[in-house]
Engineer: 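Below is one structure. I have some questions about it.
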Amino acid sequence: MGPQKPYSFTDLSKKINRPSITIVAVILGVWLGYMQFPFLKYLRPVGDFYVALLQICVLPFLMATIPLAVRSALTSGTAGNVMGRLIGWLIATTVMVMLIAVLVPLVLFHFVPMDQNIAHRIGAMFGGSGTHVDMEFALSPQLASDEGDKQETGLMAIIPVNVFSALSSNNSLQVIVFLFLFGVGMVLSERRSGTSVFSALRHIQSVCILIFDWFNLLIPIGIITLIAPQIALLGPDAFAVLAPFASAFLVTSIMLIALPIFCMSLSLRVPPREVLAVFMKPLALVAATRNALVCVPTALETMTDELHAPKQPCELFIPIGFAIVRFGNLTHFIVAAVFIGNLTGHTFSATELLLVAVFSFMSSFATIGLAGLPGLVPLAAVLRPFGLSYELALPLMIIADPIVSMIRGMLNVALNCQIPALAGAGGRKPIAVPAVVKIA
Amino acid sequence: MRTESYPKSICMMITGVIRCVPIFVVALALNGADTAPACAEETKGYGPPRDLKEIIAAGRLRVAFGNFDVPGFRRKLPSGAFEGPEFEMAKDIAKTLNLDLVIVNGGDTFNAVATTVADLKADIGINKMSASFDRAPHVRFSQPYAKLRHAMVYNRDLIARLAKGGNPEDAFRSFSGRIGVLGASSYVEFARENFPAATIVEMKTWDTGIAALKDGTIDGLYRDELEVRRVLDGNPDMGVQFGSAVFTDKLDLKVVYVCNPCANLRQLVNLYIETNQQVLARAMSIDALLRNARK
């Protein structure tokens, strides 16, 4: 017998985060939440503490990873090719998501139409309460709020005029734009002067991964303490009333999560069951934290170390994709628009459905950096052009959000991971030892 | 009891006269003699003001109530007795003046209640009455005992169409649909003032207004926040098709109507409202009123 390798945190983390344990944690969290035990309120601070721990190293990790990925792309000589394929698969995935998100609820509502009784129950729950009014505002135009004019819009919103301010305010989009530009600059400067800090960045990256490994020991606890109170927010009445919307969104989401599993299985030549097994960790983590950026290190580790997807497109695309490309919000907005249209008796033409998809895509960018209620505001831009009431949709969406936000995150992670896997097809590292983990 | 009140009244009058002198002089100097008669009328003679004297002499305070329930504020029980915060207020004011409370039938509409007070058939009217410009010449308003915001139940489809993809708030600001208001109420005037581009449809009763909204005869139903909330509270099936909007800058001040010559009575009513501010604020809060209305 040779000398035994010292047992590391990474090994322990991998052992604790076996797919079987992750699945059990998710099921336990959902069950506890569904039972609505009174002690669940005491779990929330534990979950919040865990999310705070995970957030500690997100920005330093991105600061190291993005310039390294840019360097890797620019020095390999295949940067143009990789970028082209990433963009191509991004467009293809977006179109596919739009198509599925439009067609699935349409078909569902066609075969299982909402009867008047459901509309009455929804009206009673959200619109018919005397404690709730849809809108409160000043009728006089002179008193109308002009807060919207003060916000930066369009391109200015992504330009990090002061990167330190962007860092301190956790404006991930501006930080990523800066890091991308800075990474390109560092590579060009390295070519000219021969000096660089890339080795230091690689060290910072490995330090961040090590710290994530420590925190990953707590993933099962984090999943339970975050999922259970979230599920408990929904009462039994809400489940019953929201069933038509929830079922449409769930079926669409299941299809959209199955899609990347199969695509990755094909491109990485790994059985779908095994892709699903290893992918449970980032999916469960994002469902628990509802923060895709927090899952960047875990997703990268899963993609490159466990599924052996090509590192270059993964490191280049995943951090940017998680921050910018909101497939979850896109799906949510499309399904919500089709649902509200169905509820209020609005029949969409083919052109209108196309426009719903396009408006949802555009509005999904407006959710960058937003969570909770502010993240639902862009839905107004999808509904109002078709004469659909955002004021009716908002309370419905707020009630459903505890569950929907978890699934949105899962869609963001799964579909964004599919793109580099497809873009890097053919460039996959050979697997010396079967590294996929089976469901125990 | 009544005779004891005379010396107090005389003192009050003397104080009133003394207070009026500088105002009288300044008013004469600045605006000519226009303001003088009002002050002089209130202090005519050195005995108690005529209105209060008459009321005290009669030993009763006549309070006009409409011949209809005012949900949240007042309702008539099957026994014929009244209940609700407005009834309690009427009782308290009468008790403060050491007078018997006499309820006068104020008619079937809000305007009829105002007319009852204006015609001196009642000393005061407490009937969820709004302070409005068109009634100001005929009755005196107390200070408000409740403040409700204006609100509207609206057809979501129409507002979305009028908004043309923009903010629905702007669609309300230039509302050009048909707005239903309770006929012979202050909201006829409020609607004309606040929605000049809309067609104002006067409804005989609030229930006919709700029916008209449901069948599409009108596009919105305009009244105070309490009544608008009550519409959706009592008709849960309307929640999907109809929404509710509250206008934060339009206040409906609920006041006691006091007979026009009764200046001192108005002062006493104001004093009552002022000294019972906290109790009234709680009793007349939107949640408390809504709870009362659900009874």
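Letters go in sequence order (proteins before strands), and every chain restarts at 1.
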Engineer: Say you draw a straight line from CZ of B:Phe242 to OG of A:Ser389; how long is it, rounded to the nearest 0.5 Å?
Structural biologist: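 That separation rounds to 12.0 Å.
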Engineer: With under 30° as parallel and over 60° as perpendicular, where do the rings of A:Phe137 and B:Phe247 fit, or are they tilted in between?
Structural biologist: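 Ring orientation of A:Phe137 relative to B:Phe247: perpendicular.
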Engineer: CZ of B:Arg149 to CD of A:Glu136: how many Å apart, nearest 0.5 Å?
Structural biologist: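 With rounding to 0.5 Å, CZ (B:Arg149) is 4.0 Å from CD (A:Glu136).
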Engineer: Quick check on B:Ala245 against chain A: is it the side chain, the backbone, both or neither that has a heavy atom closer than 4.5 Å?
Structural biologist: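 Both backbone and side chain.
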Engineer: Using non-hydrogen atoms and a 4.5 Å limit, figure out which bit of B:Gln241 sits close to chain A: side chain, backbone, both or neither.
Structural biologist: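 Neither the backbone nor the side chain of B:Gln241 comes within 4.5 Å of chain A.
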Engineer: For B:Asp249 and A:Leu139, work out which heavy atoms get closest and say how close.
Structural biologist: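 Closest approach of B:Asp249 to A:Leu139, heavy atoms only: OD1-N, 2.7 Å.
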Engineer: Taking the side chain as every heavy atom from C-beta outward, state whether B:Arg173 and A:Ser140 have any atom pair closer than 4.5 Å.
Structural biologist: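 Not touching, per the 4.5 Å side-chain cut-off.
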Engineer: Nearest heavy-atom pair of B:Gly166 and A:Arg384: which atoms, and what distance?
Structural biologist: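 Reported closest heavy-atom pair: O-CD, 3.3 Å.
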Engineer: If you measure from CE on A:Met135 to CG on B:Asn167, what distance do you get to the nearest 0.5 Å?
Structural biologist: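 Answer for the CE-CG pair, A:Met135 versus B:Asn167, is 9.5 Å.
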Engineer: Going through the distances and angles, do B:Arg156 and A:Asp134 end up as a side-chain contact (heavy atoms from CB on, under 4.5 Å)?
Structural biologist: CA-CA 10 Å; B:Arg156 293 184 194 275; A:Asp134 289 318; 3.2 Å; yes
